[in-house]
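Everything on this sheet refers to the single structure shown next.
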Amino acid sequence: MYLAIGLFVYVLSIGVGQSAPPPLPSFDKQVNELLAKMTDEEKVGQMTQITLDLVLKDGTKPWSEIEVDPQKLSVAIQDYKIGSILNVPSSGALSIDKWHEVIGHIQDEAQKSRLSIPILYGLDSIHGANYVQNSVLFPHAIGLAATFNTSLVSAIGKISAHQTRAAGIPWAFHPQVDTG
């Protein structure tokens, strides 16, 4: 009897384990159409990532006083056709409202470009959303790894992602599986 139940559970688990998740929608057609429209300069620009400080009026001002310089931003996006911006001003973490303002200016300028490709904005959320004010800070990855608690690390990853995304930032550079 126990053997039959065990065999049934085993066979059932094989079927469940081998079932594939539903396929994701393909964007190949749209991507190929966009690539066909792009100049070589636009393609190179899309692979270029700059830091936020390069498009600020004065990156050394306190976080609450930083301002995007419209002229610098225009040059970066319209002339150099950059595709990505990374991180924060050297003055530190911004409030959620300030992040929304900064990223809003960046995306508004991107919409004025020939192909209206949004800027990919990334943030190092290396121990929580540490560049977003009032977010939860956690130990660095090496400290989390030392706990051997994958459930805890997974929960921390979800919290970090949620708080980073709440600031309007779509791309978090951490956590990752970097065994490099």
Side-chain angles (χ1 to χ4, degrees), residues 27 31 34 38 41-147 152-180:
F27 293 98
V31 169
L34 184 59
M38 293 174 78
E41 186 180 30
E42 288 168 329
K43 290 174 185 175
V44 170
Q46 282 298 306
M47 294 187 291
T48 303
Q49 181 177 66
I50 64 171
T51 65
L52 181 62
D53 284 333
L54 292 177
V55 296
L56 294 179
K57 287 184 179 177
D58 181 358
T60 62
K61 284 188 173 183
W63 64 267
S64 58
E65 297 176 23
I66 67 155
E67 295 177 78
V68 173
D69 184 320
Q71 180 63 32
K72 290 179 181 178
L73 184 61
S74 178
V75 168
I77 294 175
Q78 308 307 335
D79 296 347
Y80 292 104
K81 298 163 183 14
I82 60 127
S84 177
I85 299 178
L86 167 70
N87 256 343
V88 298
S90 55
S91 61
L94 304 180
S95 68
I96 286 178
D97 291 339
K98 190 57 132 175
W99 273 120
H100 288 193
E101 176 189 322
V102 167
I103 292 175
H105 287 305
I106 291 167
Q107 298 304 352
D108 289 346
E109 186 64 36
Q111 286 301 305
K112 298 175 191 173
S113 67
R114 187 175 79 87
L115 298 172
S116 300
I117 299 172
I119 298 297
L120 183 58
Y121 199 99
L123 190 67
D124 284 324
S125 292
I126 56 175
H127 54 99
N130 47 298
Y131 292 120
V132 178
Q133 287 184 354
N134 300 317
S135 64
V136 180
L137 298 181
F138 298 103
H140 280 274
I142 191 98
L144 296 174
T147 69
L152 174 66
V153 174
S154 178
I156 287 171
K158 288 176 183 175
I159 292 167
S160 299
H162 177 77
Q163 292 182 335
T164 301
R165 188 66 180 116
I169 301 162
W171 185 23
F173 280 90
H174 193 81
Q176 80 276 356
V177 182
D178 184 5
T179 58

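No experiment lies behind these values; they were computed from the predicted model shown. Values below: every heavy atom of this structure, side chains too, minus hydrogens, waters and symmetry copies.
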Partners of [X] by side-chain hydrogen bond (donor to acceptor under 3.5 Å, both in side chains), sequence neighbours excluded?
X      : result
Arg114 : Glu42
Asp69  : none
Ser154 : none
Asp53  : none

Just verifying a value: how many Å separate [X] [atom1] and [Y] [atom2], rounded to the nearest 0.5 Å?
X      : Y      : atom1 : atom2 : value
Lys57  : Glu65  : NZ    : CD    : 12.5 Å
Ile119 : Lys81  : CD1   : NZ    : 11.0 Å
Thr164 : Asp124 : OG1   : CG    : 10.0 Å
Leu152 : Leu144 : CG    : CG    : 6.5 Å
Leu123 : Arg165 : CG    : CZ    : 12.0 Å
Ile103 : Ile85  : CD1   : CD1   : 9.0 Å

Are there over 12 heavy-atom neighbours, none belonging to Asn134, within less than 6.0 Å of that residue's CG? no
Using the side chain to side chain contact (heavy atoms under 4.5 Å, CB included) rule, take Val68 and Val102 through it: C-alpha gap first, then chi angles, then the decisive distance, then the call. CA-CA 7 Å; Val68 173; Val102 167; 4.0 Å; yes
Do the side chains of Ile169 and Tyr131 get nearer than 4.5 Å, heavy atoms only?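 No, every pair of side-chain atoms sits at 4.5 Å or beyond.
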Which pairs pass ring-ring contact (aromatic ring centres under 6.0 Å, His included) with one or both residues in residues 90-127, sequence neighbours excluded? Trp99-Tyr121, His127-His140
Listed once per pair and sorted, the ring-ring contact (aromatic ring centres under 6.0 Å, His included) pairs that draw on residues 65-87, sequence neighbours left out: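 Every pair satisfying ring-ring contact (aromatic ring centres under 6.0 Å, His included) with a residue in residues 65-87: there are none.
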Distance-only, no hydrogens or angles: does the [X] side chain make a donor-acceptor pair with backbone N or O of [Y] under 3.5 Å?
X      : Y      : value
Ser84  : Leu120 : yes
Lys72  : Leu54  : no
Gln163 : Gly128 : no

So, Ser160 and Ser125: side-chain donor and acceptor under 3.5 Å apart, yes or no? no
Identify, with sequence neighbours excluded, every residue that meets side chain to side chain contact (heavy atoms under 4.5 Å, CB included) alongside [X].
X      : answer
Glu109 : Leu73, Ser74, Ile77, Gln78, Lys112
Gln46  : Met38, Ile117
Ser95  : Trp63, Asp97, Lys98, Gln133
Asp108 : none

Only counting residues at least two apart or in another chain, list the ones meeting ring-ring contact (aromatic ring centres under 6.0 Å, His included) with Trp171. Phe173
Could you list the residues that satisfy salt bridge (charged side-chain N to carboxylate O under 4.0 Å, His left out) with Glu41, not counting sequence neighbours? none
Would you sort out whether Asp58 and Ile66 count as a side chain to side chain contact (heavy atoms under 4.5 Å, CB included), showing the intermediate values? CA-CA 7 Å; Asp58 181 358; Ile66 67 155; over 6 Å; no
